[in-house]
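Since the structure comes first, as structure tokens, the remarks are kept for the end.
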Amino acid sequence: MSSFRSLSRLAIATLFLAWSFPYLQGRLHVLSLLISNSPNKLPEVNKFSTSSLKFQNKIRNCEDGIIVDEGALAILSCDPGRDLWNTVMGTFHPDRDAIPNGKLWIYRYDLPEKSEKALVPVEFDLSAYEGKFSFHPLGVEYHRESGTLVVCNHHIDGSRIEVFTLTLNSKGAVAKHTRSIAHPLLSTPNSVVALNGNEFYITNDHYFRRRYYPALALAETYSGIPGGTVAYVNLAAEPVEVKTVARGPFVNGVTLLNESTVAVALSGAAEVRLYNRLEDNSLQQVDAIRLGFVPDNLSTDKDGSLLIAGHPHPPSLEKTVHARTECKGGDGVVPQECWKSTSPSWVERWTPARGLETLYVSSKEFGSSATAAKDVARNVGIVTGLYENGILVWKE
């Protein structure tokens, strides 16, 4: 009998190890990055033919950036208030009136940098907006055909989705606010991609909101608990339809590789997962791309290449966040000498045929890379930095 019990225990232990091995292997991979990607060990890699920092001291803390090829422009989601208010990283300045709002910017990369029209802020028409306008943008998406602009806004009174109608003109752009969406399944919105003018996939990075459950949110981040989600959102439904279609650890960027394939960045797993879109807009995982860094946002260029930007060394990003907090004055203002990021950057490109290709790694030139995007026809690319001063503009 004792031999039977021993064999039973061994069988149970073996089954448990077999079941948990993928999870343990994934956690080991993520945790190994904390050692292997220490800034003093990272090589400097720059495969761009040219690259330069632009608009320093004009824009900073730009989390997302999308290329609108047809207009030779980029829409940039930037927030100087991130130094004082970051619901993902856990920065909550007590004096709300001291926290500046973020902005969206239009960067016309076909114009000289010194041109007055090269970089202009998006004007907001808030005539239909209810309450105090608190704007701390992360992911942004623009559906050109319908003019619909959707922004993940970490509003001081609770994160929500802001929907605008964007009108581009020769001077810049005007975004007329049409609605705000707050929903239990959109509690930590991070990134968004359009299926059409009414339907979107929107990611939620965590289940536990760091503002209310700081210890649990940190545990979720570092344990790899699949608390993040991808939500399908239909604005045309009444009420708005929202349903969870995928889950994962620290779900971040999202993009369409093509009409049937969705790519999702999982920061908590250091990988990008590929999903097939089903008829009901639910998602079925078909592949995963393991990375040597923690991915943030994703974009797809007109050639079908997937561009992935992210953070090689999360402790360095945390260090940057704390440095900003320590640098601010009594009035909550962070002086200009503290605007430079000290967190390294990593940008890769992936195609099914060629696999992964490292384009850029730096601990010195440009930090905290959050998004990479490219206009293939004009050979112009951008990299935004979550806590960086300006943006990086590049060509191949």
Evaluate the ring pair (Phe, Tyr, Trp, His ring centres under 6.0 Å) criterion for residues His206 and Phe250: first the C-alpha distance (whole Å), next the side-chain angles of each, then the deciding distance (0.1 Å), finally the verdict.
CA-CA 6 Å; His206 285 75; Phe250 199 156; 4.6 Å; yes
Please report whether the ring centroid of Phe124 lies less than 6.0 Å from that of Phe164.
yes
In sequence, state the C-alpha distance, the side-chain angles, and the governing distance for Arg179 and Val240, and then conclude on side chain to side chain contact (heavy atoms under 4.5 Å, CB included).
CA-CA 11 Å; Arg179 66 197 304 180; Val240 172; 3.1 Å; yes
Over all atoms of both residues, closest heavy-atom pair of [X] and [Y]:
X: Cys327; Y: Pro335; answer: O-CD, 3.5 Å
X: Leu166; Y: Leu149; answer: CB-CB, 4.1 Å
X: Val120; Y: Gly172; answer: CG2-CA, 3.7 Å
X: Gly310; Y: Pro312; answer: O-CD, 3.7 Å
X: Pro344; Y: Leu42; answer: CB-CD1, 3.7 Å
X: Asn153; Y: Ser134; answer: ND2-O, 2.8 Å

Classify the angle between the aromatic ring planes of Phe133 and Phe135 as parallel (below 30°), tilted (30 to 60°) or perpendicular (above 60°).
parallel
Name the orientation class of the two ring planes belonging to His136 and Trp85 (parallel below 30°, tilted from 30 to 60°, perpendicular beyond 60°).
tilted
Given the rule in the side chain to side chain donor-acceptor pair (under 3.5 Å) test, do Ser146 and Thr148 qualify, once you have shown the distances and angles that lead to the verdict?
CA-CA 5 Å; Ser146 65; Thr148 303; 2.9 Å; yes
Could you walk me through whether Gln284 and Tyr275 pass the side chain to side chain contact (heavy atoms under 4.5 Å, CB included) check?
CA-CA 5 Å; Gln284 181 180 60; Tyr275 296 86; 5.8 Å; no
Derivation and outcome, side chain to side chain contact (heavy atoms under 4.5 Å, CB included), residues Tyr207 and Glu220
CA-CA 8 Å; Tyr207 176 78; Glu220 181 181 337; 3.8 Å; yes
Quick check: are there more than 12 heavy atoms from other residues, nucleotides or ligands sitting under 6.0 Å from [atom1] of [X]?
X: Lys319; atom1: NZ; result: no
X: Glu145; atom1: CD; result: yes
X: Lys171; atom1: NZ; result: no
X: Glu130; atom1: CD; result: no

Result block: side-chain N/O donor-acceptor pairs under 3.5 angstrom for residues 370-380, not counting sequence neighbours:
residue : atom : partner : partner atom : Å
Thr371  : OG1  : Glu63   : O            : 2.9
Thr371  : OG1  : Asp64   : OD1          : 3.2
Thr371  : OG1  : Asn297  : ND2          : 2.9
Lys374  : NZ   : Glu396  : OE2          : 2.5
Asp375  : OD1  : Ala377  : N            : 3.2
Asp375  : OD1  : Arg378  : N            : 3.1
Asp375  : OD2  : Tyr109  : OH           : 2.6
Asp375  : OD2  : Arg378  : NH1          : 2.8
Arg378  : NH1  : Asp69   : O            : 2.8
Asn379  : OD1  : Glu396  : N            : 3.1
Asn379  : ND2  : Glu396  : O            : 2.8

Candidate pair Ile156 and Ile99, rule side chain to side chain contact (heavy atoms under 4.5 Å, CB included), full reasoning:
CA-CA 10 Å; Ile156 285 181; Ile99 305 172; 4.1 Å; yes
Only counting residues at least two apart or in another chain, list the ones meeting side-chain hydrogen bond (donor to acceptor under 3.5 Å, both in side chains) with [X].
X: Ser316; value: His313
X: Thr229; value: Asn204
X: Glu123; value: none
X: Glu388; value: Lys340

Check whether any side-chain heavy atom of [X] sits under 4.5 Å from a side-chain heavy atom of [Y], and report yes or no.
X: Val347; Y: Val383; answer: yes
X: Trp346; Y: His311; answer: no
X: Thr167; Y: Lys176; answer: no

Verdict with supporting geometry, Thr320 and Ser343, side chain to side chain donor-acceptor pair (under 3.5 Å)
CA-CA 6 Å; Thr320 294; Ser343 176; 4.8 Å; no
[X] and [Y]: side chain donor to acceptor below 3.5 Å:
X: His177; Y: Asp125; value: no
X: Tyr360; Y: Glu365; value: yes
X: Asn61; Y: Asp83; value: yes
X: Ser260; Y: Asn258; value: yes
X: Trp350; Y: Glu348; value: no

Nearest 0.5 angstrom please: [X] [atom1] to [Y] [atom2], how far?
X: Asp205; Y: Leu138; atom1: CG; atom2: CG; value: 8.0 Å
X: Leu306; Y: Ser299; atom1: CG; atom2: OG; value: 7.0 Å
X: Leu359; Y: Ser51; atom1: CG; atom2: OG; value: 11.5 Å

Under the rule for salt bridge (Lys or Arg N to Asp or Glu O under 4.0 Å), what residues qualify as partners of Arg211, not counting sequence neighbours?
none
What do the steps show when you test Ser267 against Asn252 for side chain to side chain donor-acceptor pair (under 3.5 Å), and what is the final call?
CA-CA 6 Å; Ser267 297; Asn252 209 320; 3.0 Å; yes
NZ/NE/NH1/NH2 to OD/OE distance under 4.0 Å, Glu70 and Arg144:
yes
Under 4.0 Å between a Lys/Arg side-chain N and an Asp/Glu carboxylate O for Arg273 and Glu271?
yes
Does any N or O in the side chain of Arg354 come within less than 3.5 Å of the main-chain N or O of Pro352, such that one atom is a donor and the other an acceptor?
no
Would you mind telling me which of Ile75, Leu73, Val393 makes a side-chain contact (heavy atoms from CB on, under 4.5 Å) with Tyr107?
Val393
Answer with yes or no whether the hydrophobic clustering places Ile289 together with Leu298; edges join I, L, V, M, F, W, Y residues whose side-chain heavy atoms lie under 4.5 Å apart.
yes
If Ile, Leu, Val, Met, Phe, Trp and Tyr residues are connected whenever their side-chain heavy atoms lie under 4.5 Å apart, and connections chain through other members, are Tyr222 and Val294 in the same group?
no
Worked verdict on Phe200 versus Tyr232 for ring pair (Phe, Tyr, Trp, His ring centres under 6.0 Å)
CA-CA 6 Å; Phe200 302 83; Tyr232 163 77; 9.4 Å; no
The test is side chain to side chain donor-acceptor pair (under 3.5 Å); show your working for Asn196 and His143 and say whether it passes.
CA-CA 7 Å; Asn196 52 53; His143 184 256; over 6 Å; no
